[in-house]
Amino acid sequence: YGDVPAAIGMILIFCYPAFFYLASLLYPQTFGMTLILLVIRLVQNPADVDWRKGLLVGGLLALLVLAIPSMIFLIPLVLVWLFLYSNHSLLNPLLVCLAACAVIAPWTIRNYQLSHRFVFVATNGGVNFFIGNSKKGVIGSVKDVDLADVKPTGGMDEVELDHYYKEQAWKYLREHK
């Protein structure tokens, strides 16, 4: 398009204060997208994935899951992609899986030692599910949701709270089809 539109774009970005504020925050989505792009770059040609790249891809996917637990679904997708497009070899998918397990396992073991129950990665799934599926859920309201009136009384730990909020979300969904 040329130098003039580029200069106009730079000036507009420079004059937009929210850009500087948001750029200074480290949201997990920024880190996650970086990891996703790295994984895509590494596996875009499955024939070129050797054992080192396989281990690196597994490690990157595990870091992604630790940062954003809902990204767990990407691991099976990458495993199937590597299997289907690398002459149906199981070596690379197994290496990816091994590396991912090796990175995630210490965190899961730590969670078990703290809670004495199996917690794969995190205990925030229940509250997030509740926020998205309740009368409290309003688009863009994640940081502003007040859960004081629905928080249970009594001494619940993180895992119990996670289950409680999941149950409340399912209850709401059943009642408001």
Side-chain angles (χ1 to χ4, degrees), residues 19 21-134 137 140-143 145 147 151 155-170 173:
F19 175 77
Y21 171 71
L22 293 173
S24 69
L25 300 175
L26 183 60
Y27 287 115
Q29 291 82 356
T30 307
F31 181 63
M33 187 52 68
T34 302
L35 293 175
I36 290 170
L37 291 173
L38 282 169
V39 167
I40 289 171
R41 174 66 180 102
L42 289 169
V43 300
Q44 71 183 5
N45 188 359
D48 291 340
V49 177
D50 60 1
W51 67 271
R52 281 172 261 161
K53 281 186 182 177
L55 291 174
L56 179 59
V57 166
L60 292 172
L61 286 169
L63 289 175
L64 178 63
V65 170
L66 291 173
I68 308 169
S70 61
M71 291 291 130
I72 188 75
F73 76 91
L74 284 179
I75 293 177
L77 288 177
V78 170
L79 295 177
V80 169
W81 170 265
L82 287 174
F83 177 74
L84 292 177
Y85 296 101
S86 61
N87 299 325
H88 292 75
S89 169
L90 284 175
L91 179 63
N92 286 334
L94 286 175
L95 288 172
V96 169
C97 195
L98 177 70
C101 289
V103 173
I104 293 173
W107 191 255
T108 304
I109 292 167
R110 172 223 174 255
N111 287 341
Y112 182 80
Q113 289 173 339
L114 289 176
S115 67
H116 304 290
R117 285 168 281 188
F118 178 77
V119 175
F120 180 61
V121 175
T123 57
N124 65 347
V127 72
N128 288 331
F129 186 49
F130 176 76
I131 290 170
N133 296 286
S134 70
S141 66
V142 175
K143 288 186 176 182
V145 175
L147 298 176
K151 192 170 186 174
M156 288 188 167
D157 63 17
E158 281 184 48
V159 178
E160 292 167 338
L161 276 174
D162 184 55
H163 292 299
Y164 170 79
Y165 283 121
K166 279 181 194 168
E167 290 171 13
Q168 294 301 309
W170 281 115
L173 288 173

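In this structure, Ala100 and Ile75 approach most closely via the heavy-atom pair CB-CD1, 4.1 Å. The two residues Pro93 and Leu82 make their nearest non-hydrogen contact at CG-CB, 4.0 Å. The two residues Asn111 and Ala122 come nearest to each other via the heavy atoms ND2-N, 4.4 Å. In this structure, Gly59 and Val103 approach most closely via the heavy-atom pair CA-CG2, 4.1 Å. The minimum heavy-atom distance linking Asp162 with Val127 is given by the pair OD1-N, 4.4 Å. Residue Phe31 comes nearest to Ala67 through the heavy atom pair CD2-CB, 3.8 Å, listed as atom of the first residue, atom of the second, then distance.
The backbone N or O of Leu66 sits nowhere less than 3.5 Å from a side-chain atom of Trp107 that would complete a donor-acceptor pair.
Taken to the nearest 0.5 Å, the SG atom of Cys97 stands 11.5 Å off from the CG atom of Leu55. Atoms CD1 and CG, on Ile109 and Leu114 in that order, are 12.0 Å from each other to the nearest 0.5 Å. Atom-to-atom distance recorded for Lys53:NZ and Arg41:CZ is 7.0 Å, nearest 0.5 angstrom. Separation of atoms CG (Leu95) and CG (Leu56) is listed at 12.0 Å; rounding is to 0.5 Å. Atom CG in Asp50 sits 7.5 Å away from atom CG in Asn92 (nearest 0.5 Å). Atom CH2 of Trp51 and atom CG of Leu94 lie 15.5 Å apart (nearest 0.5 Å).
When side chains are defined from C-beta on, Leu64 does not count as touching Leu60, because their heavy atoms never get closer than 4.5 Å. Looking at Leu161 and Thr123, their side chains never come closer than 4.5 Å, going by heavy atoms from C-beta outward. The shortest distance between side-chain heavy atoms of Glu158 and Arg117 does not fall below 4.5 Å.
Within a 6.0 Å radius of CE in Met33, no more than 12 heavy atoms belonging to other residues, nucleotides or ligands are found. Sparse packing is recorded around OH of Tyr85, with 12 or fewer heavy atoms of other residues, nucleotides or ligands lying under 6.0 Å away.
Residue Phe129 forms a ring pair (Phe, Tyr, Trp, His ring centres under 6.0 Å) with just one option from Trp170, Tyr164, Tyr165, and that option is Trp170.
Classified by interplanar angle (parallel below 30°, tilted 30° to 60°, perpendicular above 60°), the ring pair Phe120/Phe118 is tilted.
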Exercise. I would like to know whether Val78 and Leu61 meet side-chain contact (heavy atoms from CB on, under 4.5 Å); could you show each step before the answer?
Key: CA-CA 9 Å; Val78 170; Leu61 286 169; 3.9 Å; yes
Exercise. Start with the C-alpha gap between Val57 and Val49, add the side-chain angles, then the distance that decides, and say whether side-chain contact (heavy atoms from CB on, under 4.5 Å) holds.
Key: CA-CA 9 Å; Val57 166; Val49 177; 5.5 Å; no
Quiz item: Can you list the steps and then say if Leu35 with Met71 is a side-chain contact (heavy atoms from CB on, under 4.5 Å)?
Solution: CA-CA 11 Å; Leu35 293 175; Met71 291 291 130; over 6 Å; no
